[in-house]
Structures are given as C-alpha cells and as structure tokens.
Amino acid sequence: MIKGGINKSILASLFFCAFPVVALYIQAEGVEGGQDSWNHYLISRYSLKYPELLLDQWNKPVFTWCTAFICQMGIQALILFNIFCVLLSALLLAIGMQKQGFKHVWVLIPFVVFTPVLFHNMISGLTEPLNVLFLSLVLYTWCIGKRNLSVAVASFLPFVRTEGFVICGAIFIMILVRKEYKLLFWLFLGSVVMNLAGFAITGKPLWIITENPYWKHEMEGTFEAGSGSFLHYMRIARNLFGLPMLLLFAAGNLLWVYLRIKKEKVNEIFTMSLLIFHFYFFAHTLIYYFGIFGSHGLPRVMAVVAPVLAIVSYYTLDYFIATLHHRYRIAIHVLVAGLVIWVAYHETKYPKPHKFREISVKPDKAHTNFIKAGEWLAEHKLMDRTIVHQYPYFNVRFNKDPYDVKSSYMVWSIDQKNDWATVGTIVIWDGFSAVREGNMKLEWLQKNPHYQEVHYIEGFEKPADNPQMYDIHIFEKVN
C-alpha cells in the first residue's frame, strides 16, 4: 500500500494502460465520432462568447461547463480531456472496489480502458467519456458509503447525456428496493436545479422537456432517424464489449440468480451494476427498434456502460477463482486482462503499440474536398463572406464562427420557402451532410434563379449507394 491507501498494483496498472492510450493519441490524425466530435467542440468553444450555449441540450450543459475553457485550447485539449476522463474513471472504480474489501482490483483498470467500444471512442470530442467518469463517480461514492452524494451526482447524468435519465431509473429502483426513500430527494436534485436555471434564463417553465432536441424532433416529426432490428445491439455485443468480458458478464447474470436462489448475500455494487447495464442496454434497444428520439443504432452509445460492465466482469471472475491459491489467482487475472487488451485491439482494428508508425485514427474522408473548397474560397477572396454548409470541421479548419450569421451557419437554416439569405452568401453543398442533415436537395439550388454555381469539386470516390457522397458544389447567392 502507498500513502492514501491505494495499492501500488492499481497505480502500476493505470500507468501500464495509459501508455498504449497515449500511443493511440500520438498516432491519430483524425478523431472518432465523425462530425459530432467537431460539433461538440465548437459549442463548448463558443459557449463563452455566446452564453446561451451553456444550456444547450444537444451538447449537454454539464459537458459544456466542464469543457468550455478546455476547448479554448483547441480540439487536441478536448481529446486529452476525454482520455483523462477514462483513465480517472478506471482508477475510481479500482479504489472504490478496494475499499469494499476486494483484492486484485487493479484488473478493473484494463477492464474499463480496454472495453472495445470505449477504447474506440476515446480519441474524440464526444460526451461518452465524461459520462463514463460521472457514472464511475456515482459507483465510487456508493462504494465508500456516501449514498447521498452518489445519488446527487447521478441526478446530473441526464445533463451529460440524455440517457442519464435511464440510469437514474435504475438507481430509482435500487432506492425503492433498499427502502431508503430519503435518497429520492437527491435523485431529483439535478433535474430541479437545471430546470430552474433553464427557466430563469429562457423563461420556459418546462425547459428540461421543451428544449430537449430529441423530444422536440419527436413531437414535431422533423427528423426521421430510422429504426432497426430489436436484436441490433445483441448482434454486435461481441464487437462492443469483447468476448472475454461478454462471457464474464453472461456468467455474472447467472451468478446473481444463483446467489439469490441460495439466499446468499449479494454485493450491492454488483447488483447495481447489473441493473444499470440492463436498463441502459434495453432502453437503447427499444429506442432504435421503434426509431424514436433520434436513434441511429450507433454502437458508441454503449461506451457509457463500460464501468458497470467492468464491475460485473471483475466480480464474476473474482467469485469463481476465490478459492484458488494466491499465485494462481494473480496468474488468471493477468491472463484475462491480457486477453481483454488483445481483444480491444482486435475489435477496433487499431495498430498495436509496437506498430507505432501506423495511423490509429484516420481523418474523415470528406475532409479532403472540404479543405479544397475552403482553399478555393480563400484563393478567390470569398472566405470573408457568409458561408453556409453542414460540415462542422470546416468551421474549425477555417476559423468560421457558426453562431454569427455573418460568418457561417448551417444548411438546415436555409428557409426553402422564404429564403432570407443575403446576396453574396456562399453555400457549400455536399452529397452527404447537406442532404441527410441539412435536408437540402442539390436540384433546389441548381434550379433556383437566386443562386449561381461557381465551383464544383468531384468526389474522389463514388460509393454505389450514394455516388454524390463526396461531391461538393459551391453556390453564390446573386440576387
């Protein structure tokens, strides 16, 4: 043990796991999460200039507050922040379980960090890593007996990611089962505080509902994200969680049933972790199946449950090898941790640490033509015009302010029935984002007498399902 009561093996495990993550960061030339990463970065970056963004419910207020100053230093600072969130999350879980009396908790570090779906989304500007940290903080404070604080932290999860409401639902069940009804006050704290803040600033009494973009789109029917199979997440579970932890998690469910039947004591954190995982997993399963609340069946949303998956996997493994000699227990933990790490690289297709010259995260393919578009605009002295597009990276690359309509705004803001764009406005139409999210057909611009096409950049690839995906057409509003 070292000062503060943390086992040396925990810190050794943390540093060991940090090295390959740092290697991935150095090897990266792009970010995971597509344009969402760049959009999260832009909102946080400009939230100090436009304070109303501090309550933006797509970016999530707590995420914005935590990253606003960090994003002033650039996208790389946000990526490093997300890496820090994941590593700290793993450390908190290990310390929390150690304080519960468990041994060999160092294995929780690789279990968290190398959960494939989380490992695959660390090099990003996404909200998932911060949500992982908040969930780990909830579990840690519960482990050390600070239930009020644990539930209070959980109450703010919906303002890190909307699915936090689902996690709060699982904790609500835990509170009812334990008959600790006083904890319900703390569970609603976050929603009450945030709604009061939203009401004070916007004047909307039900801000928490009416300003939620997913709820608004659902009620107004303005965005159709599509639906999919009920078995979607089950079919890709191996890719999301890796086979070793998936098998341990399955065994953990059977173990919980067995312990309940035998009327043996079941660890609360083990039960809580199972409950949160199932609530979250099946909530996303149903949301995607019914095609509601803007679900796309995205794999990355499952990164949020990495902490509870790690705890269930660890608890199950520890239970089944508890009677073995100490040296064999260590050997098995090392073997399983090694398998988890290997599987993470296998599932993500990231280059292993010894292949240091390979690129871990490649830039989005669409970057190429958007960079060409920006360079063409700069060459022809058009970059100081209002530039309308649907590609957040463009704003970062060419320092355009997406919240100043004199600088830049989104294609989806063009009123196709009563176009208010000023003469001289430049519109960059691309075959993916402008169509899918901007709801803008190329024909509307080409047949509109108020717009003139001034440049065309042909896509370097012609995907069979969307040959125009990488094409770019640049228009100028002439009258």
Side-chain angles (χ1 to χ4, degrees), residues 25 30-86 88 121-134 137 153 155-162 164 190-191 193-204 207-208 210-214 216 370 374 383-413 437:
Y25 168 74
V31 297
E32 300 289 3
Q35 292 308 295
D36 282 355
S37 280
W38 297 103
N39 225 6
H40 282 301
Y41 164 73
L42 284 166
I43 294 173
S44 291
R45 174 185 169 186
Y46 282 98
S47 63
L48 300 181
K49 184 177 180 181
Y50 306 102
E52 63 272 18
L53 292 175
L54 291 168
L55 285 176
D56 184 89
Q57 285 206 59
W58 182 82
N59 204 51
K60 294 305 169 192
V62 172
F63 177 83
T64 306
W65 302 344
C66 290
T67 59
F69 287 100
I70 290 168
C71 287
Q72 306 310 308
M73 295 180 280
I75 187 70
Q76 297 303 320
L78 180 57
I79 295 170
L80 288 171
F81 172 76
N82 274 349
I83 291 172
F84 169 78
C85 286
V86 173
L88 181 57
N121 286 285
M122 269 192 286
I123 312 298
S124 74
L126 299 172
T127 59
E128 278 84 353
L130 183 62
N131 201 135
V132 166
L133 176 56
F134 265 69
L137 187 57
V153 172
S155 74
F156 285 91
L157 280 171
F159 308 99
V160 183
R161 283 187 62 81
T162 301
S191 294
V193 169
M194 294 303 303
N195 196 71
L196 286 174
F199 174 55
I201 293 172
T202 67
K204 297 179 179 179
W207 170 87
I208 196 172
T210 59
E211 295 309 295
N212 184 297
Y214 303 105
K216 287 173 71 174
F370 270 96
M383 190 57 79
D384 60 345
R385 302 273 192 93
T386 298
I387 299 178
V388 185
H389 61 92
Q390 198 69 33
Y391 202 70
Y393 170 77
F394 182 90
N395 290 326
V396 179
R397 175 79 183 213
F398 296 101
N399 198 31
K400 299 295 287 184
D401 183 346
Y403 304 101
D404 178 359
V405 294
K406 294 181 180 179
S407 177
S408 180
Y409 57 89
M410 293 290 194
V411 169
W412 63 31
S413 296
E437 296 180 13

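Residue numbers count from 1 along this sequence.
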- request: Begin with the C-alpha distance, continue with both residues' side-chain angles, and end with the deciding distance and a verdict on side-chain contact (heavy atoms from CB on, under 4.5 Å) for W207 and I201.
  value: CA-CA 10 Å; W207 170 87; I201 293 172; over 6 Å; no
task: Let me see the working for W65 and L55 under side-chain contact (heavy atoms from CB on, under 4.5 Å), right down to the final yes or no.
output: CA-CA 9 Å; W65 302 344; L55 285 176; 4.2 Å; yes
task: Evaluate side-chain contact (heavy atoms from CB on, under 4.5 Å) for Y391 paired with V411, printing each intermediate quantity in order.
output: CA-CA 9 Å; Y391 202 70; V411 169; over 6 Å; no
- prompt: Between M410 and N39, does a side-chain contact (heavy atoms from CB on, under 4.5 Å) hold up when you go through it step by step?
  reply: CA-CA 12 Å; M410 293 290 194; N39 225 6; 4.2 Å; yes
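The shortest heavy-atom contact between P213 and Q57 is CD-CB, 3.7 Å. I83 approaches M122 most closely through the heavy-atom pair CG1-O, 4.4 Å. Here the shortest heavy-atom pairing between R45 and Q72 reads O-NE2, 2.7 Å.
Note: S47 OG to L42 CG = 11.0 Å, rounded to the nearest 0.5 Å. L126 CG to R161 CZ: the interatomic distance, rounded to the nearest 0.5 Å, is 8.0 Å. To the nearest 0.5 Å, the span separating CG on L48 from CG on L53 amounts to 9.5 Å. Between S408 atom OG and M383 atom CE the span is 10.0 Å, to the nearest 0.5 Å. Expressed to the nearest 0.5 Å, how far CZ of F81 lies from SG of C66 amounts to 5.0 Å. Annotation: the span from L80 atom CG to I75 atom CD1 amounts to 10.5 Å, rounded to 0.5 Å.
At least one side-chain heavy atom of N82 sits less than 4.5 Å from a side-chain heavy atom of S124. Looking at heavy atoms from C-beta onward, S44 lies in side-chain contact with N59 at the 4.5 angstrom threshold. Side-chain contact between K60 and T162: present, with at least one pair of heavy atoms (C-beta onward) separated by less than 4.5 Å. Using a 4.5 Å heavy-atom threshold, the side chains of P392 and Y41 count as separate. Inter-residue side-chain proximity for I43 and F63 is flagged as unmet; no heavy-atom pair is nearer than 4.5 Å. The closest side-chain heavy-atom distance from D36 to W58 is below 4.5 Å.
Using a distance-only test at 3.5 Å, with no hydrogens or angles considered, a donor-acceptor pair links the side chain of T386 to the main chain of V405.
Remark: the D401 side chain and the Y50 side chain contain an N/O donor-acceptor pair separated by less than 3.5 Å. Side chain to side chain, Y25 and Q76 meet the donor-acceptor criterion of an N or O pair below 3.5 Å.
Applying the side-chain contact (heavy atoms from CB on, under 4.5 Å) test between S37 and each of L78, I79, V31, N121 identifies V31 as the sole match.
In this structure, W38 and Y393 have perpendicular ring planes: the angle between them is above 60°, well past the 30° mark. Under the 30°/60° scheme for interplanar angles, the aromatic rings of F370 and F394 are found to stand perpendicular.
By the neighbour-count criterion of 12 heavy atoms within 6.0 Å, atom OH of Y46 is densely surrounded, having more than that number from other residues, nucleotides or ligands.
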